[in-house]
Amino acid sequence: MKYDPPFQRTNGFPPVLILFGMMLLLPLVLTDTYSRHILILVMIYAVIASNWDLSLGYGGIFNFAHMTFFAIGLYGYGILAKVVGINPWLAILLAAMIAVAFAALLSIPILKLEGVYVILVTIAASQLVLKLIVSQSDYTGGTSGMVLLPRLTLGDYKLNSDGRIGYYYVGLFLLGLSTFFLYKFNRSSLGRAVKALRDNKYYAISRGVSEARMRLITLCASAFFPGLIGGFYGSYVRVASPDVFGLGFLTITLSILLVGGVSSTWGPILAAFLITILAELLGDYGIWRDISIAALIILVIILYPGGLFAAVQELWNFADKSKTALIAWYRRQYKAGSRKVLTGAEEKMIKTSHGMVAIADTNIGPKSIVFIHGNSSCKEIFTHQFRYFSEKYRVIAIDLPGHGVSFNARPEEDYSVQSYARMVADVVEELDLVEPVIFGWSLGGYVALEYAAAGYPLSAVSISGTSPVSVFPDDMPKGYIPSPHMELAGKRFHSGYEKQSYAVHTVGTDKPEAKMFRDAVWRTDGRAREYVFSKLKTVDWPRQTRLLQKGDVPFAILNGPEDPFINHSYCQSLSYGNIWTGSVITINGGGHAPFFMKPDQFNQQFDAFLKSL
């Protein structure tokens, strides 16, 4: 099941809402006509470039007739509004439809072409339209163009009045409408089909995606708003000139696209502000303007091949990494007492081969139990087990690297199931534990199985909320229930809504006692989620399966049948060589975290398992 939340529940919503609010208020601050003129041009270029990205970036179609869509909108508006005399607002809409009709015709000769041949055909088509416009001088003005095109009005109010504020807000509305369309299109089934053809053409075709149909849809979809903004531009500057077919418009628009980053809805919009304002500021420097913009493109491509949007993402990643590290530092310094209330155990930091990790350790007991928490959790999630077992056993719980109050670690080296297992082994060695019982929950269950399969010392292993995997990724659909929240488990950046939703579904409650888990999700290094899940394919899953089938290690599974993630029937059907009681233990009402949701039943069953060793 594809996780596709509404935009208002993503991380992008707050900054977009803030920026849009700033754009709404900006004309109240910038009251001079020239500043508003520059901002109107920014919005026009942003619409053109972001829609070009739809065909060039997302569709992989090297369409160099994209500026022709804009030119057709411009001249279409001029002819319809001035020559034919229809309402200017209607003329803008009809001009956009003419641009779409041209895009449909353009798609025919390039349906089976690739690469440079598409470029040649689209450039030729652009020149053909230019020659056609110039030749019809009675209607288009020929090489001189058209002047005094009708302005837009609302009743008796002219949009160019009051410092062009009317044109500013119409331009902002069109930019918002275009961006909304692109966002929805790229996340629709059509958008996924378009990207599939770009990334793996023949596989997509074999799955029933029609290349001809998708190219037609892509070109038509990328033509509508450039045609619309072309008509708007004509009503604004009141001139339609053949210059729109020249290198000036093409160079600036292509620069915006490259600097912003292809295949990113927001990149070209960000770059439109930078390039347009820079081009205007350097307008008096002649050729040096073009040299400066070219140098900027080269610099961005070298430093950030993904464009400005990639730079913004990198900045966001740095901020998230710094935020989670700062939260962990603050909690280490000032919240140790509240954690001790939950565990009743001493907290200490241990240096391992995969970073500094925090543990809670009761320090006493003839036998030891090591608890390993799940993804985006913390050691305090085992608060009920500390209270129940600390009188009879030495209880240890570990904050995985990037979790709880452990330090953030190196993503490539330290965020993987294998690295976590090695880290647990380092803790066991540091504490001089003799064959401890290893318990793992959810992701921690895989860490526990990897620890056992790697031959590290233990007397028994138990898991909960974990579905054993033999063949990856084939067994994943069998062992797990399709759920949007499964994708959240491997998603680096969570919005506030996503953090809350993931926490509630994982521990099965939004009650106050689950606050520790919700706080743990906020603290977790997002790179840990992303890297661990991306490296699951590197785990030796058959080795774990052989361990369970051979039965050399006493083993127990304690699951909640209502687990929203785990397929309980699949876990019951697997072959185990030495599973306690001969089958999976069911804890009714336990959900994904039975040790937390139903601690009394869980503790009694787990205690019985420990006594059987």
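- Side-chain atoms of Asp414 and Ser419 include no donor-acceptor pair closer than 3.5 Å.
- Between Thr343 and the options Glu380, Arg387, Gln385, a side-chain contact (heavy atoms from CB on, under 4.5 Å) holds for only Glu380.
- The shortest heavy-atom contact between Pro594 and Phe602 is O-CB, 3.8 Å.
- A side-chain donor from one of Thr265 and Asn186 sits under 3.5 Å from a side-chain acceptor of the other.
- The aromatic rings of Phe565 and His592 stand perpendicular to each other, their planes meeting at an angle above 60°, with 30° marking the opposite boundary.
- Two residues are said to be in side-chain contact when any heavy atoms from C-beta on lie closer than 4.5 Å; Phe555 and Leu449 meet this criterion.
- Judged as a side-chain hydrogen bond (donor to acceptor under 3.5 Å, both in side chains), the pairs with a partner in residues 392-402 (not counting sequence neighbours) are, in order, Asp361-Arg394, Lys379-Asp399, Lys392-Asp607.
- What you find for Ser459 and Pro554 is that their closest heavy atoms are O-CD, 3.4 Å.
- Within the 3.5 Å criterion, the main-chain N or O of Thr538 finds a donor-acceptor partner in the side chain of Gln418.
- Considering only heavy atoms from C-beta on, Leu257 comes within 4.5 Å of Leu56 through its side chain.
- Classification of Glu450 and Arg543 as a salt-bridged pair holds, one side-chain N sitting under 4.0 Å from a carboxylate O.
- In this structure, the side chains of Val370 and Val427 stay at 4.5 Å or more apart for every pair of heavy atoms.
- Ring geometry for Phe439 against Phe606 counts as perpendicular: the plane angle is over 60°, on a 0 to 90° scale with 30° as the lower cut.
- Side-chain contact between Ile398 and Val424: present, with at least one pair of heavy atoms (C-beta onward) separated by less than 4.5 Å.
- Thr324 and Asn408 form a side-chain donor-acceptor contact under 3.5 Å, judged by distance and modelled atom types alone.
- With a 4.5 Å cut-off on side-chain heavy atoms, Ile396 and Leu431 count as touching.
- Look at Arg422 and Asp426 and you find a salt bridge, because one of the NZ, NE, NH1 or NH2 atoms lies within 4.0 Å of a carboxylate O, short of that distance.
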Tell me which donor-acceptor pairs under 3.5 Å the side chains of residues 330-338 have, and how far apart each pair is, sequence neighbours excluded?
from   : atom 1 : to     : atom 2 : distance (Å)
Arg331 : NH1    : Asp519 : O      : 3.4
Arg332 : NH1    : Val405 : O      : 2.9
Ser338 : OG     : Lys335 : O      : 2.8

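- Relative ring orientation between Phe595 and Trp441 is described as perpendicular, the plane-to-plane angle rising above 60° on a 0-90° scale split at 30° and 60°.
- Ring geometry, Phe596 versus His384: the interplanar angle falls from 30° to 60°, so the pair is classed tilted.
- Pairs passing the side-chain hydrogen bond (donor to acceptor under 3.5 Å, both in side chains) check and including a residue from residues 295-323, sequence neighbours excluded, read Asn317-Arg492.
- Between Phe389 and Thr362, every side-chain heavy-atom pair lies at or beyond the 4.5 Å cut-off.
- Taking 4.5 Å as the limit, every side-chain heavy atom of Ser569 sits out of range of all side-chain heavy atoms of Ser573.
- With respect to the salt-bridge test (charged N to carboxylate O, under 4.0 angstrom), the residues Lys491 and Glu498 qualify.
- Side-chain contact between Val553 and Asn578: absent, with no pair of heavy atoms (C-beta onward) separated by less than 4.5 Å.
- With rounding to the nearest 0.5 Å, the separation of CG in Leu296 from CG in Leu274 is 5.5 Å.
- Across Asn375 and Leu443, no two heavy atoms sit closer than the pair N-CB, 3.7 Å.
- In the displayed structure, Glu413 atom CD is contacted under 6.0 Å by more than 12 heavy atoms of other residues, nucleotides or ligands.
- In summary, Lys340 and Glu347 do not engage in a salt bridge, as defined by a charged side-chain N under 4.0 Å from a carboxylate O.
- To the nearest 0.5 Å, atom CD1 of residue Ile463 and atom CD1 of residue Ile566 are 8.5 Å apart.
- A side-chain contact (heavy atoms from CB on, under 4.5 Å) with Gln572 holds for exactly one of Ile557, Asn559, Thr586; it is Thr586.
- Ring orientation note: the planes of Tyr415 and Tyr420 are nearly perpendicular, at an angle over 60° on the 30°/60° scale.
- The closest side-chain donor-acceptor pair between Arg529 and Thr524, if any, does not fall under 3.5 angstrom.
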